[in-house]
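All values reported here derive from a predicted model rather than from experimental measurement.
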Amino acid sequence: MHSINIKPSEIFQALADPTRIRIVRLLAETREEACLCELVDSILEPQYKLSRHVKVLRQAGLLTAEKEGRWVYHRLVEGIPYLDRVYEALKALPDVDGSFARDLENFRVRMCLREAGRCRIGIQTPELAAGGE
């Protein structure tokens with residue numbers, strides 16, 4: 001078991017970007033893990049951009065990643081009381097422009113494309129796949 005030493009300033013710096021808030025809020029709401037292509041098709045942001053945001057969230061200690069073949073599944077770090085409270089706070093934020101509701105609906109539709117509970121098809125929104133998966 002690894003010891004996690006997260007600085008509060010790093011958490012809030014990681015969450016200072018609207019796209020990263022959307023990623024964390026989506027994973028907090030669904031309690032699912034997701035590969036990058038599932039996030040691309042859900043949030044409708046380019047692959048290269050989401051890849052960078054996921055990296056920032058991992059470095060801040062908010063996400064873990066598990067590689068399975070060519071797929072990498074990202075999941076929230078859970079079971080740490082202060083992080084769980086951060087996730088609950090993000091879920092409670094108002095969805096003023098409806099973007100979170102759209103992300104959540106896209107995510108639910110996208111998760112139905114899994115085979116045996118895993119993503120195996122890649123990005124389904126070709127214009128967002130720039131740079132590959």
Which pair of non-hydrogen atoms, one from [X] and one from [Y], has the smallest distance, and what is that distance?
X    : Y    : answer
V40  : E45  : CG1-O, 3.4 Å
C35  : R114 : N-NH2, 4.5 Å
L36  : Q47  : CD2-NE2, 3.6 Å
L62  : A14  : CD1-CB, 4.1 Å
A101 : D95  : N-OD2, 2.9 Å
N106 : S42  : ND2-O, 3.0 Å

Is there side-chain contact between [X] and [Y], with at least one heavy-atom pair below 4.5 Å?
X    : Y    : answer
T64  : E78  : no
L63  : V77  : no
R110 : C119 : yes
I11  : Y82  : yes
C37  : Q124 : no

Residues [X] and [Y] bridged, charged N to O under 4.0 Å:
X    : Y    : value
E33  : R118 : yes
E88  : R85  : no
R108 : E32  : no

Which distance, rounded to the nearest 0.5 Å, do you find between the [atom1] of [X] and the [atom2] of [Y]?
X    : Y   : atom1 : atom2 : result
H53  : L39 : NE2   : CG    : 11.5 Å
D84  : Y87 : CG    : OH    : 7.0 Å
I123 : L50 : CD1   : CG    : 8.5 Å
R120 : R70 : CZ    : CZ    : 9.5 Å
E38  : T30 : CD    : OG1   : 10.0 Å

More than 12 heavy atoms from other groups under 6.0 Å of CD on E66: no
Is the number of heavy atoms from other residues, nucleotides or ligands within 6.0 Å of NZ (K91) greater than 12? yes
Can you spot which of L27, L26, V24 makes a side-chain contact (heavy atoms from CB on, under 4.5 Å) with L90? V24
Out of curiosity, does [Y] fall in the hydrophobic cluster containing [X] (side-chain heavy atoms, cut-off under 4.5 Å, transitive links)?
X    : Y    : answer
I23  : F107 : yes
L44  : V109 : no
M111 : V54  : yes
I43  : V96  : no
F100 : L57  : yes

Is the backbone N or O of D103 less than 3.5 Å from a side-chain atom of R22, with the two atoms forming a donor-acceptor pair by type? no
